[in-house]
Each structure stands twice: as structure tokens, then as C-alpha cells.
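Sequence lines set the chain letters: A, B, ... in the order given, protein chains first and strands last, and positions in each chain run from 1.
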Protein chains: 2
Amino acid sequence: MPTDRPVTLRAIAEELGVSAKTVSNAFSRPDQLSDRLREEVLATARRLGYPGPNPLAAGLRRGRVGAIGVAYDNGLSYAFDDPVAVELLAGASTVAEPAGAGLLLVPGSVDAHRREAAVTDAVVDGMVVSSLADDDPLVVAAVGRRLPLAVVDQPRPDRLAELGAPDTPWVGIDDRAAAAAVAGHVLALGHRRIAVVSFGLHREPIRRGLVDEAGQAAATYAVSRDRLAGYRDAAAGVGIDWAGVPVFHGEDSTPAVGAAGAAAVLATDPRPTALLCTSDRLAEGVLRTAARLGLRVPADLSVAGFDDAAPAAGLGLTTVRQPTRRKGEEAVRALLDRLAGQPGAGPRTLPTELVVRTSTGPPPVS
Amino acid sequence: MPTDRPVTLRAIAEELGVSAKTVSNAFSRPDQLSDRLREEVLATARRLGYPGPNPLAAGLRRGRVGAIGVAYDNGLSYAFDDPVAVELLAGASTVAEPAGAGLLLVPGSVDAHRREAAVTDAVVDGMVVSSLADDDPLVVAAVGRRLPLAVVDQPRPDRLAELGAPDTPWVGIDDRAAAAAVAGHVLALGHRRIAVVSFGLHREPIRRGLVDEAGQAAATYAVSRDRLAGYRDAAAGVGIDWAGVPVFHGEDSTPAVGAAGAAAVLATDPRPTALLCTSDRLAEGVLRTAARLGLRVPADLSVAGFDDAAPAAGLGLTTVRQPTRRKGEEAVRALLDRLAGQPGAGPRTLPTELVVRTSTGPPPVS
DNA sequence: CCTCCGTGCTTCATCGATGAAGAAGACGGG
DNA sequence: CCCGTCTTCTTCATCGATGAAGCACGGAGG
């Protein structure tokens, strides 16, 4: 029996009659001692069943642990089902991995208190936070930890400044302009009766369903707010009264919500001829409802998405391509730079591109 | 200016003239002190810009950090591109998340030394390792850390016992039987000239391409070895001489490898009428090559996959469904149980199911 | 009036390692 | 023969917190 309690550096040191520091060096700084002694130390370590230097203790002393936290708006389990989230993680990992940094996926939770605790307790050197609402306590907790941070999409830089973290690296796109671009395309095709299917506007859902202008303006998810504003900009450009445009918002970005949203907005009178969706996954559900109602796309109904994520190409979806993967890359890169001592990089806006496929066309002649 | 060096518990304690332990309690055990004092402590903490108790230090003292490591055979960046890996992670997260445990994705690396270091240095309470070759030093490193472990798929329980960790929880399927089932289906359709497209057999590729029986038996990836053995079992059942069956193995489980593999085995004479693939992603590439060569599936060529992962249904692929998500769930559950003090759960084999779709049919009459 | 107990806070040791600085020989140069 | 330098190892303090145990006080119970 080697031992009943954990074997530590000190145990090996005593066994061999050398200092603890020498044992430490045998593992972490081989050049600091003779090969002969080093071999002896390692052999003794093996014999005693020493698990190697405890990374936790080493991390405490060194001040870094080689891990980057990733906090996402929704739970982890949701994240892995959303191709956009997965792509973000993929991007993050391509930069983190060569740097030898692990990614700690911070558990989300319905329970607000535990959600915060998870961020507070994460053992990491820095954190990427993504897609959080302006009023999410998670943001406050993350900033409050005074940990190097990098933000993807939301909260916006101005909100970060408000929270006392003005130089936080931020990566995102111009959501308003991108949304205006896709709406502009649809309107240019001649559509005048449009509707919107959006994911959540607020963290705490007052009521899912159609939402009026006041509700839209009060959205605490900056991305949702800005995309709606972009649609509205485009509508204003051709003289459409926004008050008459049905806007549905559901809980999250899933086909199920999209399907429900489509049912809701297509029930309004006059029936819209084009639906703008704030994500491709929503659009996927919209297409499903359209099929169920016997509406041909795009002959009877045009549908546009957002993201150009996994299902879009296969579905022939007109959408806005955004560099999700690059967002993950840039966020981690900025974080690593900061950890290496460079100053905060500030906001960085990546380009987007309208992708026209077959889900949009001229409105039906009615 | 609050300070230039980090604010600690002690600083607050001194500022207020109380003990450090009391400040600690104000954060972690609110019931241990009066509300009045607690408020005072928190207010002072805010004033001094205290980031909250350092989770690293707390973790060292407590002996746990609330994170589970996940080590995967290939790099992280690869993992996020593979639907099977993502599903495994999704399963893992659905169990870890409610338990408040984060998932630390351990960085893989081409550099063997750093790969090991990443496992050694991961700050976690336990680790899930998935799909590692029998001779992967990562396994040795993981076992050597004497950290609670749970293994998915490979290495096999017998190999774990060899390494001195006999009671390690293990989750997987009966790869040999599952492979025999899908091969049996193809053979029952009447095919006699079959070929195999497989992902890697060895960690260190001697030579990609067609591999003979000796090479197959020497595979250090137990999953690959057993699936080949299963195909072979089925072939033996109908009197096929396995030495005549072309077996291609490529680096990893990607459509690109599948496409290359198909090209290789379809160039053999006589041309096979059915291709068995060890994953759906490989099969995806095989279908691409078939299309390029003008072969109709299944009229000219039958193709079978493995996994029943994301693309399979869409492609009409005949395959074997395996409960990837559940593997992730069970592995993490077993790990959490062990962390809670229960003894090792040992091996657990999950069921599989043959799924026949449209990519297999009778061989062409030649 | 004395004892017992709970509340609220403190003391002490400890979790397991590593950075900075220093000391003892060995060795080469002048 | 002395001195500076290198190698090899040691000493000391510290990273930042928390468990276990202890002390002081006030109120309840006998």
C-alpha cells in the first residue's frame, strides 16, 4: 500500500532527503537539477504513487491555470443543439488549442443564483461571454470578478462601459445594418406586407407572442433590438408603417419557436407575403409551418433567415452570412493577448454579407 | 484608486478589524455571522473592489473545483466539426449542468508532449476520456493522475485494468456485434464483393490506404479493430474470404477521407458492390465519390454507415444507430457518482439498432 | 445561582505547490 | 593561489482561501 492519504511533493522530498523545491523542479524545471537526481526523484515519485504536481496548487501559486471560460446565454445543453453556438465554440477552440488553453464551458442554469455562482466560481484565466442581455446579472458578475473578459455580440460596448469595463474586447457585427440589408432585399422584390419572427427580446419573458413597438424598443437583448431596428429602417425607406408590421418573439432560437411564430404572424390579416426571421433555425421552423399550411416558398411566401448557419444552404434559405466562427476566434485571440499583457483591444465589428437563395422571390399577385 | 495589487480577503478583514475567516463566511456561509456584520463586510468589499473569493484558492482548500474534464482523441477544433463528438458533449452537458459542474475541454495538440501536459495540468475534479487508442499516452497520463475517470468507447475495460484502473466506469457499445449486424444486412441482400472504408486504425499512421489482415489485427483503436472484426464475422458467415476484401483506412472520420477511401476501394478489381463505412461522415464522402463516378446508389453501389448521426437520415443512409448522447450522459453520471463517494460503476454496454434506409439494396445483376 | 447551550466570531493550521534569493562546491582564468 | 562564475540545491515566504476547534457572551432551564 503506497499511502492512504494523497502523496505530495513533500512526501517525496522527505523520502529522498532533498528539499521540496528540488522535487518541484524535477517536474517543472528539469534544467534546474542534475539528470541523476532528477531520475531518482521521478523513480521515487513513481514508487510512491505520486500523481504529479497538483495543477490547482501550482495554478494558485503561478496565477494562471491555462483555461478560458465560455459563458453562454442559454444552458450548455441548448448550446450544443444550436449550430451557431457550436460554430462559435469551434472558432474559439481553433485559437485556444494551439495556445494550450482549455475551454471551460460554464454551466448555465434556470436558477439565477446558481447561474451567477457558476461564473463566480469558474476556475479560469479569462472569460468569453456571449450573447447576454444588457440586464443579465451574469455580466455584472463577470465584470465584478475583474477577470480579463472578451464579449461576443452582446452586451454592447456602451453597456460594458456603463459597467465599468470600457476597454473590454468586443466582437460582433453591425446587426442593424445587416438586418436592414436582408429586409431591403425582400422589399426590393416588391413585398409590402411583411412580418417578423424573432427570438427572445427580454431575458424574463413577460409574454411570448406578438409584440408592439414599445415592447420592441424595450428589448434588453441588444441583438434582437438592433435587428428589429434594421428591419424597421428598411421598411421606413419604402414608406411602410411599422406599427402595422406583426412582430412575433419566442423564447429562443429553435425551429419549434419559428414554427409557432409563423403560425402566429400568418394568422394576421392581411396575411404577410414575406417573413423575416432573426435566425436560420427560426426560419427552418417557419418553412415547416409554411409547408404545413400548403404555402409554396417563395411563390406564396418569401422567407429570409439570419446567420447562414448549417441548415441554410440545404434549405435554400436567403439569409445574411455572418462570420460566427471568426467571432469565436477573435474573442479568444483578444483574450489571450490581454492575458499576455497587452491592453484591451476594444470593439471590433466584422463584416456580413447578404446571401440570396431560393426562399425569397416576388410577392404573389393578389 | 482602490489598489494596485489584488484585493484579498485579508485586506477587507484588516480594513474592518475582523478576522479573515469572518469575511470568508460573509461570502460562503452567510448563516455563520450576523446580517449586520455581513452587510458591512459586503459593503467594504464593494468599496475596495474585491473580486470575491478566489475560486482557485477555495478549490485548493476544499479539494474540488466544480469542473469535469473532457479529453478527446482528436483536437477540439476537429471535435466541433464532428456531429458525433458534439452529440457526446451535448449528452455530457445535460448531466453536468444541473449538477452545477462545468466541462473543461482539454486542448488536444499534434505535439505529443503538450497533449499529455494538457491532461496533467487540467484543473478538474474528474475526467471523461473518449475514443483514445490503447497505446495513447494520454490514457496513461490520465490514469497516472489518480483522478476519477470515466471512459467512453475506448480504451476498453481490459486495457484499463492493465493500466491499473480496473474499476473505471466505462460506457460503450458492442462494436463487433453492431458491425456484424450492418454487414449481415448487406450480405443478406446478396452482396458478395464488399469493401470497407474505415477511420484510423493506429494513432501513428504508418501508411494510409489499403491495409491487410495483419494490419487490421494490429489496430490500436479498439473501436476500429472490433468493427472490422464484426464485418469479418458476418463475411465468414457467408463464406467470403476476408483476405480478398479491400479495407481502406484514413486519418479520421471526415467526408474527405470517405471520398478518398471510396475512390481507392472502387478501383480494385472486381469492383465491390457494397461499401461498409465505420462512420456516417465517411459514408457521406463515399456517396460523394459514387456520385462523381456516376454510380447510382443503391442500384450500382450499396453504402452503409455507422452512428446514425446528423447527416444519415437526410442522406437516406443505412446505418447502425448508437446512443451517442446517452454515452455522454452515462459517463458524466458515473463520474459524478464516483465524486460523490460511490465506488466505480464498471463497464456498461448500451444497445444499438440497425437502421435500414435507401442507400442499400440488392447488388446489380452483372 | 449554577449549568448548559446556541450564537457569533476568532485562532490555528493547512490545502500543495512555486518564485526569489541565497549558499556550497566545482571549475576555469589570471 | 585567489576570485568570479556556473551548477546544483536549499531556505523562506507566499499564493488566497477554508475546515476544525475554541472562546466569550447571553439567555433558558433546573
Exercise. Within the structure shown, what part of the strands sits under 4.0 Å from B:Y50 by heavy-atom distance: base, sugar-phosphate, or nothing?
Worked result: sugar-phosphate
Seminar exercise, completed: d(B:Y72 OH, B:L88 CG) to nearest 0.5 Å is 7.0 Å
Exercise. Aromatic ring centroids of B:F27 and B:Y50 under 6.0 Å?
Worked result: yes
Exercise. Tell me: CG of A:L56 to C1' of C:dC15, nearest whole Å?
Worked result: 9 Å
Problem set entry | B:D134 and B:R156 ion-paired at < 4.0 Å | no
Exercise. For A:T8, which contact category applies under a 4.0 Å heavy-atom criterion: base, sugar-phosphate, or nothing?
Worked result: sugar-phosphate
Exercise. If only side-chain N and O atoms of A:S24 are considered, is one of them under 4.0 Å from the OP1 or OP2 phosphate oxygen of C:dT18?
Worked result: yes
For this session: For the side chain of A:L37, starting at C-beta, report the closest nucleotide among C:dC9, D:dC9, D:dT11.
Result: D:dC9
Seminar exercise, completed: Which of C:dT18, C:dG16, D:dG19 is nearest the side chain of A:R62? It is C:dT18
For this session: Would you indicate which nucleotide in D:dG16, C:dT10, D:dT18 comes nearest to any side-chain atom of B:L9?
Result: D:dT18
For this session: By nearest nucleotide on DNA chain C, pick out whichever of A:A20 and B:S19 is the more 5' one.
Result: B:S19
Exercise. Roughly how far, to the nearest 0.5 Å, is the OG atom of A:S77 from the CZ atom of B:R325?
Worked result: 8.0 Å
For this session: May I have the distance from B:Q32 (atom CD) to D:dA21 (atom P), rounded to whole angstrom?
Result: 14 Å
Exercise. Can a salt bridge be assigned to the pair A:D136 and A:R115 using a cut-off of 4.0 Å between side-chain N and carboxylate O?
Worked result: yes
Problem set entry | Nucleotide of C:dT11, D:dC9, D:dG16 approaching A:L33 most closely (side-chain heavy atoms) | D:dC9
Exercise. D:dC15 P sits how many Å from A:R61 CZ, rounded?
Worked result: 7 Å
For this session: Take the protein atom NZ of B:K21 and the nucleotide atom C1' of C:dT7, then report the distance between them rounded to whole Å.
Result: 16 Å
Seminar exercise, completed: In whole angstroms, the gap separating P of C:dG16 from CG of B:L60 amounts to 7 Å
For this session: Tell me which nucleotide among D:dT18, D:dC9, D:dT14 gets nearest to the side chain of A:S34.
Result: D:dC9
Problem set entry | Residues B:K327 and B:E87 bridged, charged N to O under 4.0 Å | no
Problem set entry | Atom-pair distance (CG on B:D35; P on C:dG8), nearest Å | 8 Å
Exercise. Of the nucleotides D:dT10, C:dG16, C:dT10, which one has an atom closest to the side chain of A:A57?
Worked result: C:dG16
Problem set entry | Which nucleotide in D:dT18, C:dT10, C:dA17 has an atom nearest any side-chain atom of A:A58 | C:dA17
Exercise. So, is B:S28 close to the D:dA17 phosphate, meaning a side-chain N or O under 4.0 Å from OP1 or OP2?
Worked result: no
Exercise. Picking from D:dG16, C:dT18, C:dG19, which would you name as closest to the side chain of A:R29?
Worked result: C:dG19
Exercise. Whole Å only: how far is the CG atom of A:D31 from the P atom of D:dC9?
Worked result: 12 Å
Exercise. In whole angstroms, how far is the P atom of C:dC15 from the CG atom of B:N54?
Worked result: 18 Å
For this session: Answer with base, sugar-phosphate or nothing: what part of the nucleic acid does B:T22 contact at a heavy-atom distance below 4.0 Å?
Result: base
